[in-house]
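The block underneath contains the structure these notes are about, expressed in structure tokens.
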Amino acid sequence: MKGPTGCRYLDDPRQHEYVQNGWNLTGDMYRQDEDGYFWFQARADDMIISAGYNIAGPEVEAVLAAHPAVRECAVTAAPDEERGQIVKAFVVLNSNYVAGPNWPDAAGFL
């Protein structure tokens, strides 16, 4: 966005990183469709750091959502003593699937 609104840190040296050429860089990632509309995709800094690896939550969600058993899913970071963070997924199954002890390897189909 352009203009004085939306500034992150008004009296902070970091403000110079977030405002460039009059544009306030929000840290959000959008895609623009063929009609010129912008669609929110993810936070640019929304990374899960696990054992030194940067894991993008939206990418994990996309892989989970591609599974035929998955109706909806959301991914977040969970604290882990050894790795710092681990990926934690919340999954809603499609109505014709039932969760089992080995899901998703052996997702039960009704």
Side-chain angles (χ1 to χ4, degrees):
M1 71 182 77
K2 197 163 191 171
T5 60
C7 294
R8 292 182 181 185
Y9 308 102
L10 194 55
D11 282 332
D12 190 308
R14 292 177 290 179
Q15 182 63 22
H16 297 289
E17 298 171 31
Y18 299 123
V19 177
Q20 297 177 12
N21 298 319
W23 288 94
N24 185 33
L25 307 178
T26 64
D28 295 328
M29 295 182 348
Y30 290 83
R31 71 172 175 82
Q32 186 176 16
D33 68 16
E34 58 278 352
D35 296 321
Y37 290 97
F38 289 92
W39 297 88
F40 175 79
Q41 297 297 294
R43 292 278 308 150
D45 60 356
D46 191 16
M47 298 299 270
I48 300 166
I49 302 172
S50 185
Y53 291 95
N54 291 332
I55 303 165
E59 289 184 24
V60 177
E61 290 171 352
V63 171
L64 287 172
H67 193 283
V70 176
R71 179 175 163 211
E72 294 181 79
C73 63
V75 170
T76 187
D80 183 81
E81 287 185 24
E82 293 180 20
R83 297 177 193 94
Q85 297 177 328
I86 57 172
V87 176
K88 183 174 184 176
F90 298 88
V91 177
V92 176
L93 296 177
N94 280 314
S95 60
N96 55 344
Y97 284 86
V98 61
N102 297 317
W103 193 91
D105 296 327
F109 183 75
L110 296 178

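The chain is numbered in sequence order, starting from 1.
- In this structure, the separation between NE2 on His67 and CG on Leu93 is 9.0 Å, given to the nearest 0.5 Å.
- Summarising the local packing, OH of Tyr37 is surrounded by 12 or fewer heavy atoms from other residues, nucleotides or ligands at distances under 6.0 Å.
- One distance of note links CD1 of Ile86 with CD1 of Ile48; it measures 9.5 Å at 0.5 Å rounding.
- Between Ala65 and Cys73, the shortest heavy-atom contact is N-SG, 4.0 Å.
- Tyr30 and Trp39 fall into different hydrophobic clusters, where Ile, Leu, Val, Met, Phe, Trp and Tyr side chains are chained together by heavy-atom contacts under 4.5 Å.
- Nearest heavy-atom pair, Asp80 versus Glu82, reported as atom, atom and distance to 0.1 Å: OD2-N, 3.1 Å.
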Tell me which donor-acceptor pairs under 3.5 Å the side chains of residues 49-64 have, and how far apart each pair is, sequence neighbours excluded?
unit_1: Ser50; atom_1: OG; unit_2: Gln85; atom_2: O; d: 2.7
unit_1: Glu61; atom_1: OE2; unit_2: Val75; atom_2: N; d: 2.8

